[in-house]
Amino acid sequence: MKCGYCGEEVSKEEAIKDGRYYHKKCHRIKQGKREIEDYWLSQINSGTVLQLLRKCIKDWVELYEVDYVLYVLKKVSEEGIKLQYPQGLKRLLDESRYKEGWQKIKIRKATSGMDNEFEKYANKEQSVIKFKNKPKNFTKIL
């Protein structure tokens with residue numbers, strides 16, 4: 001059967017059925033687009049032309065992760081930045097402060113379940129770093 005989002009073949013075991021069959025990643029993208037649209041219309045600007053908003057969302061999703069776009073939208077709303085047009089969000093998506101915040105969140109999610117395993121296998125005696133200061137002489141520089 002074919003994926004309802006990308007059109008590629010998807011096996012029945014890994015498919016998600018939501019009216020049509022989707023890959024897990026394709027279903028997340030489709031669901032995320034819907035969330036972005038709903039959030040924009042309810043929180044940012046309800047008077048936006050829907051066709052323009054959907055085109056911008058499609059462009060954003062091609063360049064960035066869906067969750068990152070949602071993260072930036074929510075941060076913009078929290079910070080009180082007024083957006084009148086969807087094209088203005090592209091500049092904010094490229095800003096490094098949002099990218100750094102998103103990377104920190106991703107790292108926290110990835111390492112949240114690893115805390116116990118890491119402490120279990122880490123040997124604290126072997127991880128001590130010692131620095132020995134060597135004298136500088138003329139032959140070492142050359």
Task: Residues D67 and K106 bridged, charged N to O under 4.0 Å - done: no

TODO: Taking all non-hydrogen atoms of both residues into account, name the closest pair between T48 and L41 and its distance.
DONE: O-CD2, 4.3 Å

Open item on the list: Can you classify the ring geometry of Y98 versus Y71 as parallel (below 30°), tilted (30 to 60°) or perpendicular (above 60°)?
Closed with: perpendicular

Open item on the list: Under 4.0 Å between a side-chain nitrogen and a carboxylate oxygen: does that hold for E95 and K75?
Closed with: no

TODO: Mind listing the closest non-hydrogen atom pair of K33 and V66 along with its distance?
DONE: N-CG1, 4.2 Å

Open item on the list: Minimum heavy-atom separation for S77 and I44, please, with both atom names.
Closed with: CB-CD1, 4.3 Å

Task: Nearest heavy atoms of L63 and K90, plus distance in Å - done: CD1-CE, 3.7 Å

TODO: Would you confirm whether E8, through its side chain, and K2, through its main-chain N or O, come within 3.5 Å as a donor-acceptor pair?
DONE: no

- [ ] For the pair R34 and D38, evaluate salt bridge (Lys or Arg N to Asp or Glu O under 4.0 Å) and give the outcome as yes or no after the intermediate values.
- [x] CA-CA 6 Å; R34 195 176 313 134; D38 292 341; over 6 Å; no

Task: Electrostatic pair K25:E65 at N-O distance under 4.0 angstrom - done: no

TODO: Give a yes or no on this: more than 12 heavy atoms of other residues, nucleotides or ligands lie within 6.0 Å of atom NZ of K55.
DONE: no

TODO: Would you please test K24 and E14 for salt bridge (Lys or Arg N to Asp or Glu O under 4.0 Å) and show each step?
DONE: CA-CA 7 Å; K24 289 179 183 178; E14 67 180 45; over 6 Å; no

